[in-house]
Structure formats: C-alpha cells, structure tokens
Protein chains: 2
Amino acid sequence: MALPREYPGQSCAMARALEIVGERWTLLILRDAFFGVRRFSDFSRHLGVPRAVLSERLEFLVAEGVLDRVPGPRGRDEYLLSDKGMALWPVLRALAAWGDVHYSPAGPRRVFTHAGCGGTVTPGGHCADCGAHVPVGATVLVPGPGYEGPAEGDAISAALAEPHRLLEPLG
Amino acid sequence: MALPREYPGQSCAMARALEIVGERWTLLILRDAFFGVRRFSDFSRHLGVPRAVLSERLEFLVAEGVLDRVPGPRGRDEYLLSDKGMALWPVLRALAAWGDVHYSPAGPRRVFTHAGCGGTVTPGGHCADCGAHVPVGATVLVPGPGYEGPAEGDAISAALAEPHRLLEPLG
DNA sequence: AGGAATGGTTCGGTGAACGAACTGTATGCG
DNA sequence: CGCATACAGTTCGTTCACCGAACCATTCCT
C-alpha cells in the first residue's frame with residue numbers, strides 16, 4: 001500500500017496510531033460508533049460520507065480489529081467497537097473537550113455525565129462529583145447549553161437529542 | 001473553502017476540532033512542536049512532509065491560533081505552540097498511549113516521565129509515583145524499552161534519543 | 001408480485017498530496 | 001570581496017484519494 005495513509009520513516013507510536021485512525025472520516029465514524037450507531041446506512045446518513053469511503057473505512061477498521069462485524073437482527077451485519085476500539089475513547093473525549101473550549105462560545109453542545117451519580121465527566125475522564133474514573137460504558141451523553149437542535153433531520157440526529165448511554169444502540 | 005478539511009453538517013465539537021487538526025500531517029507537526037521542533041526545515045527533514053504541505057499547515061495553524069510565529073535567532077522565525085496548542089497535549093498523549101498498547105509489541109519506544117519525581121506519566125496524565133497531575137511543561141520524554149535507535153539519520157531524531165523536556169528547543 | 005429499504009459497488013470528475021526543481025535571502029568562510 | 005551553504009519557502013506536473021451520482025443484489029413489507 002503505497003502511501004495513502006502511511007507516514008513513512010516515523011517510528012513513533014503516535015504516527016502508527018494515526019495510520020490507523022488518522023484518515024479523513026475515520027474518527028467521526030468511531031465517534032458515531034461510541035454514540036450507538038451500528039449500521040452502514042445509519043453511518044452514511046448521519047455523516048454524509050461518500051458510501052465508497054465509508055465502505056473502505058469500515059472494512060479497514062474491522063481488519064485492524066478496531067471494529068467487530070457481527071450478525072445483527074434480520075440478517076443485517078452490525079459494526080461494533082471492539083475492546084481495542086473502545087480504548088480510543090480517551091482520544092475522542094480529549095478532542096471533544098478541546099473543541100468545546102475553543103470552538104463552542106455558547107458552551108458545549110453535548111456533555112458527558114457519569115451514569116452512576118449524574119456528575120459531569122472531566123476532560124481527564126473522571127467524575128466531577130464523585131471523583132471516580134468513568135469508563136466509557138458508564139458515560140451518558142446529554143445535550144449541553146450550546147445545543148441548538150438537530151442540524152439534520154435524520155433519525156440519528158433526533159435520537160442524539162435525548163440523553164443516551166454510550167455504546168448502547170440508538171432508537 | 002469547498003470541502004478539503006471541512007465536515008459539513010456535523011455540529012459536534014469533535015468534528016470542529018478535526019477540521020482544525022484532523023488533516024493529514026497536522027497532528028504529527030504538532031507532536032514535533034511538543035518535542036521541541038520549531039523551525040521550518042527541522043519539521044521538513046524530520047517528518048518528510050512535502051514542503052508545500054508543511055507551509056500550508058503551519059500557516060493555517062498560526063491563523064487558527066494553535067501556533068505562534070515569533071522571531072527567533074538570526075532573523076529566523078520560529079513556530080511555537082500557543083496555550084491553545086498546548087491544550088491539545090491530552091489528545092496526543094492519549095493517541096500515543098493507544099498506539100503503544102496496540103502497536104508496540106516490544107514496549108513503548110518513548111516514555112513520558114514526571115520532571116519532578118521521575119515517575120511514569122499515565123495515559124490520563126498523572127504521575128504513577130506521586131499521583132500529581134503532570135502538565136505538559138513538566139513532562140520529560142525518555143527512550144522506552146521498545147526504542148531501536150533513530151530510524152533516520154537527521155539531527156532531530158538523534159536529539160530525541162536523549163531524555164528531553166517537552167516544549168524546550170532541541171539541540 | 002411490486003415497491004421500498006438496506007448494503008453495498010462502479011464510475012467519471014475534481015481537488016489535494018507528492019516530489020523535484022527553482023527562487024531569494026542570510027550567513028559563514030577563505 | 002567572492003563563493004558556497006543553509007534556510008524558508010514557492011512553483012509545477014503527476015498521481016492519487018475523495019466526491020457525488022448512478023447502479024446492483026438481497027431482503028422485507030403489503
């Protein structure tokens with residue numbers, strides 16, 4: 001594979017990680033996977049990514065063991081985060097925190113809260129109320145002060161307007 | 001700007017962050033900036049990025065306030081991380097941690113340690129020895145068990161083989 | 001059986017990345 | 001001073017990945 005996603009000459013772990021998840025759309029696909037999106041056309045509709053690109057990214061992430069492709073209801077396969085994929089949650093949480101601080105003047109659009117006590121999750125992944133570390137499965141996504149209603153009219157965006165526990169399927 | 005870096009229809013803070021730092025090479029440029037690289041040709045030599053791309057990325061990051069362009073010795077400008085840029089450190093640290101766990105079978109090539117006490121910095125940014133939060137300026141990069149010597153023969157790679165405090169200039 | 005939804009693949013056009021060459025300025029050296 | 005080298009980019013032709021629209025096969029619903 002010539003040089004589409006690779007960073008030749010970089011022996012750093014960061015470069016290796018970016019070769020896996022650094023391509024355009026990949027981290028947004030994984031974000032949606034954390035939010036509970038599992039099916040091809042749900043990714044497609046919610047992200048607006050060209051279907052050929054989505055197909056290639058999903059296949060690559062499955063090959064790398066970041067996603068698992070498992071049979072779902074009615075014979076339809078679903079794409080689920082593996083343990084390796086879930087381990088990327090701190091990356092996405094840190095990225096969201098940075099974006100919120102620097103590009104959300106009206107406050108965060110979405111806030112992560114601790115399912116146990118309802119406290120806000122800090123950028124470092126701890127509960128601001130009880131201090132405990134909040135694993136991704138105990139994280140609840142709720143609309144924040146900067147939330148402005150679904151930009152798109154699709155069912156995925158509508159479902160994300162409601163409080164929702166990460167990793168659980170939407171709808 | 002049509003659609004090179006943008007993710008249309010995505011109102012999420014993560015998508016906004018990726019529009020700034022999600023393009024190819026950008027996070028590696030910032031990684032080098034954390035490691036102490038400051039000058040155009042040092043970035044160019046160490047990364048192997050096409051010079052036109054490097055020029056465009058640096059200009060964009062300065063325009064976004066992630067880097068500051070300041071006059072350096074002998075009339076040469078230098079690119080330094082702003083506070084906004086330094087706030088991206090948790091993202092890169094999380095990415096490096098993920099890459100180390102999943103793509104460094106011989107152990108991490110580089111380890112982050114706490115300048116105060118020498119303890120290892122956890123993926124969450126705390127010192128494993130004293131428990132304190134380790135700010136980026138108090139982080140020291142040392143070669144880890146998986147280190148294999150500089151892949152490239154340039155002076156930057158050689159300088160990174162020695163323990164080195166982040167943000168301080170190399171050499 | 002007919003129509004819609006799903007999960008893709010195929011294809012032509014466009015824009016970004018690539019690598020090599022080139023420009024202009026500044027510094028170092030004999 | 002004259003020359004070589006380093007630096008900080010810019011320019012340019014080629015290649016490649018992304019884009020959007022159209023197409024196809026299978027399954028589900030009525």
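A note on names: the letters A, B, ... follow the listed sequences, proteins ahead of strands, and every chain is numbered from 1.
In this structure, A/R24 is positioned above the aromatic face of B/Y7, its NZ or CZ under 6.0 Å from the six-membered ring centre and within 45° of the axis.
Residue-environment remark: CD (A/E59) stays at or below the threshold of 12 foreign heavy atoms within 6.0 Å.
Atom C1' of nucleotide D/dA17 and atom CD of A/E23 are separated by 9 Å, given to the nearest angstrom. With rounding to whole Å, B/W25 atom CH2 is found 11 Å from C/dA17 atom P. Atom CG of B/L54 and atom C1' of D/dA8 are 10 Å apart (whole Å). To the nearest angstrom, C1' of D/dT27 lies 6 Å from CZ of A/R76. One atom, CD of A/E78, and another, P of C/dT6, lie 13 Å apart when rounded to the nearest Å. Between A/D77 atom CG and D/dA25 atom P there is a gap of 20 Å when expressed in whole angstrom units. If you measure from atom OH of A/Y79 to atom C1' of C/dT6, you get 12 Å, rounded to the nearest angstrom. In this structure, B/R74 atom CZ and D/dA8 atom C1' are separated by 13 Å, rounded to whole Å.
Counting any heavy atom pair closer than 4.0 Å across all strands shown, A/E59 reaches no nucleic acid atom. A/F43 comes within contact range of no nucleotide atom at all, as no heavy-atom separation falls under 4.0 Å.
Among D/dC19, D/dC7, C/dC18, the nucleotide with an atom closest to any side-chain atom of B/R39 is D/dC7. Across C/dT10, C/dG7, D/dC18, the shortest atom-to-atom separation from the side chain of A/R57 is found for D/dC18.
Neither OP1 nor OP2 of C/dA5 sits under 4.0 Å from any side-chain N or O of A/S41. Using a 4.0 Å cut-off, no side-chain N or O of B/S55 falls inside it from OP1 or OP2 of D/dA8. Taking side-chain N and O atoms only, A/R45 has a distance below 4.0 Å to OP1 or OP2 of C/dT6. In this model, the phosphate group of C/dA16 is not approached by any side-chain N or O of B/R24 to a distance below 4.0 Å at OP1 or OP2.
Taking all atoms of both residues into account, the shortest heavy-atom contact from A/V37 to A/F43 is O-CZ, 3.5 Å.
Ring pair B/F112/B/W89: centre-to-centre distance below 6.0 Å.
Residue whose closest nucleotide on DNA chain D sits further toward the 5' end, between B/E56 and A/P50: B/E56.
B/H46 and B/D32 share a side-chain donor-acceptor pair at under 3.5 Å.
Counting distance only, with no hydrogens placed and no angle test, the side-chain atoms of A/R51 and the base atoms of D/dG20 include no donor-acceptor pair under 3.5 Å.
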